[in-house]
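Just below is one structure, and these are the notes that go with it.
Below, chains carry the letters A, B, ... as their sequence lines are ordered, and counting in each starts from 1. As the structure is a computational prediction, the values presented were derived from the model and not from experiment.
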There are 2 protein chains.
Amino acid sequence: MSPPVIPLERPRRERADAVRNRLHLLRVARRLIAEEGADRLTMDGLAAAADLGKGTVFRRFGTRAGIFRALLEDSEQEFQRAVLEGPPPLGPGAPPVERLAAFGRARVEHLAANIEVVGQSRVDGHGEGPLGSFSVLHFRVLLEGVDLPGISLDAVAVLLAAAVETPLLLTLDRHDVESLPGSVEDLAAAWEALVRRMVG
Amino acid sequence: MSPPVIPLERPRRERADAVRNRLHLLRVARRLIAEEGADRLTMDGLAAAADLGKGTVFRRFGTRAGIFRALLEDSEQEFQRAVLEGPPPLGPGAPPVERLAAFGRARVEHLAANIEVVGQSRVDGHGEGPLGSFSVLHFRVLLEGVDLPGISLDAVAVLLAAAVETPLLLTLDRHDVESLPGSVEDLAAAWEALVRRMVG
DNA sequence: AGACTAAGCGGACTATACCCCGTTTAGCAA
DNA sequence: TTGCTAAACGGGGTATAGTCCGCTTAGTCT
């Protein structure tokens, strides 16, 4: 039998040493952040602390913000799973309005829990890359089930995503980290109220 | 008569050469941005093109983003004047809901008109410094005249400001500058509809 | 006008993100 | 085991934001 014409494109899984280094770097990064604060993390410093070359660090994460995105990945996936297949009202099953309301609170709390890393993860590009686009997508889908005649659902989805993803960072500039808890609760409540008025 | 106890603190106006240089730098910056794009503007490049030392550039603007903020200042003041003392519904005189609606459209259009510079003006700190805090303040004031029982007006103001200030930058990551006009109109319409449903 | 001083200025210096490319090595096949 | 190749690695190199500090000068006071 002849070999397959298309060689099956085996993605040739991540090399063992690469995996090891990636995990090691993330572990060291977490430690450095805990010790010094996220804004103090430098690429040179991370490489040195991990006993690896700077080139390796960049190969792994591409950019400084990439490190923070990688650090968020775990909790982000957990969050997305809760939204996509967790129990209602955050997960599927509840009516759209309820899911919108629940999503806002959950998202704000989730962002607040990682606020330092979240901030650094969006420093290079102005926007936020992958982060937040999940919110847009999710809103877009939920809005299908809501009656908003004559309005672009895409536009509404972006608007809502911006309202959920950025206020925490805006308030951080103004106040400090200590005052976050109050802000989180207020924001969550405001979001919920507005969504209900808006859609209800 | 004895001299005043407090020497009247004359702010000792900006020196003539400083004024000259500031205007010159802004003029050169505008030219460079037009020629090369805002993201290509470097401090060294600006200093060289203006035939001034780098130190001078930094003394004038403090940070790279400061240059872009200075470039926005004119149009920003004009915008704020239109809101604070222009004709209704953007200016005072109209009912709060109308002013909210008008503000959103005006703000989005204003941001779109300067989108490249706006983007660069918020690159250093994560938030946006002074930009946008005007929106928060304005919303805060307008909301006094709206019935939203049991919700923190501060939180709502921040939420709305985020919804107005950031979507354009989010969509910029996703699409390109060409598609802005459509986004602007959609966003403005979405904003208006949502505000009316929210408050009405 | 002449002197005094605060403000402005310039450019060398530092810190740090990100690039390049020659060298090493993991993973596979004969 | 041995050889082969693509991937990973290292660390010196570059670009650019931002700092420092000694020199110069505008504006003011007498």
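The nearest whole Å value for the distance from the CZ atom in A:Phe61 to the P atom in D:dA8 is 13 Å. Look at CG on B:Asp44: it is 16 Å from P on D:dT14, rounded to the nearest Å. Rounded to whole Å, atom P of D:dG11 lies 15 Å from atom CG of A:Leu46. Rounded to an integer number of Å, the gap from CZ of B:Arg20 to P of C:dA7 is 18 Å. Atom P of nucleotide C:dC9 and atom CZ of B:Arg22 are separated by 11 Å, given to the nearest angstrom. Residue B:Glu14 contributes atom CD, which lies 16 Å from atom C1' of D:dT25 at whole-angstrom precision.
If B:Met43 and B:Ala16 are placed on DNA chain D by their nearest nucleotide, the residue sitting closer to the 5' end is B:Met43.
Nearest to the side-chain atoms of B:Asp17 among the listed nucleotides C:dG27, C:dT16, D:dA26 stands D:dA26. Side-chain atoms of A:Arg15 lie closest to C:dT25 of the nucleotides C:dC9, D:dT16, C:dT25. Taking only side-chain atoms of A:Arg60, from C-beta outward, the nucleotide of D:dG27, D:dA8, C:dG8 with the closest atom is D:dA8.
Ring centroid separation for the pair B:Phe139 and B:Phe134 does not come in under the 6.0 Å cut-off.
A cation-pi contact, defined as under 6.0 Å to the ring centre and within 45° of the axis, is absent between A:Arg69 and A:Phe61.
Within the nucleic acid shown, A:Leu41 comes within 4.0 Å of sugar-phosphate atoms alone, with no base atom in reach, counting heavy atoms only.
In this structure, CG in B:Leu52 is found 4.5 Å from CG in B:Asn21, a value given to the nearest 0.5 Å.
Between A:Thr63 and C:dC18 there is a side-chain N or O to OP1 or OP2 distance below 4.0 Å. Taking 4.0 angstrom as the limit, A:Asn21 places none of its side-chain polar atoms (N or O) nearer than this to OP1 or OP2 of D:dA8.
Residues of residues 52-59 of chain A having a heavy atom closer than 4.0 Å to DNA chain D, listed by number: A:Leu52, A:Gly53, A:Lys54, A:Gly55, A:Thr56, A:Arg59.
Between the side chain of B:Arg140 and the backbone N or O of B:Ala157, no donor-acceptor pair lies under 3.5 Å. Checking side-chain atoms of B:Arg64 against main-chain N and O of B:Leu41 turns up a donor-acceptor pair under 3.5 Å.
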Side-chain donor-acceptor pairs under 3.5 Å in residues 192-200 of chain A, sequence neighbours left out?
residue, atom, partner, partner atom, Å
A:Glu192, OE2, A:Arg196, NH2, 3.2
A:Arg196, NH1, A:Glu98, OE2, 2.9
A:Arg196, NH2, A:Glu98, OE1, 3.2
A:Arg197, NH1, B:Met198, O, 3.1
A:Arg197, NH2, B:Asp147, O, 3.3

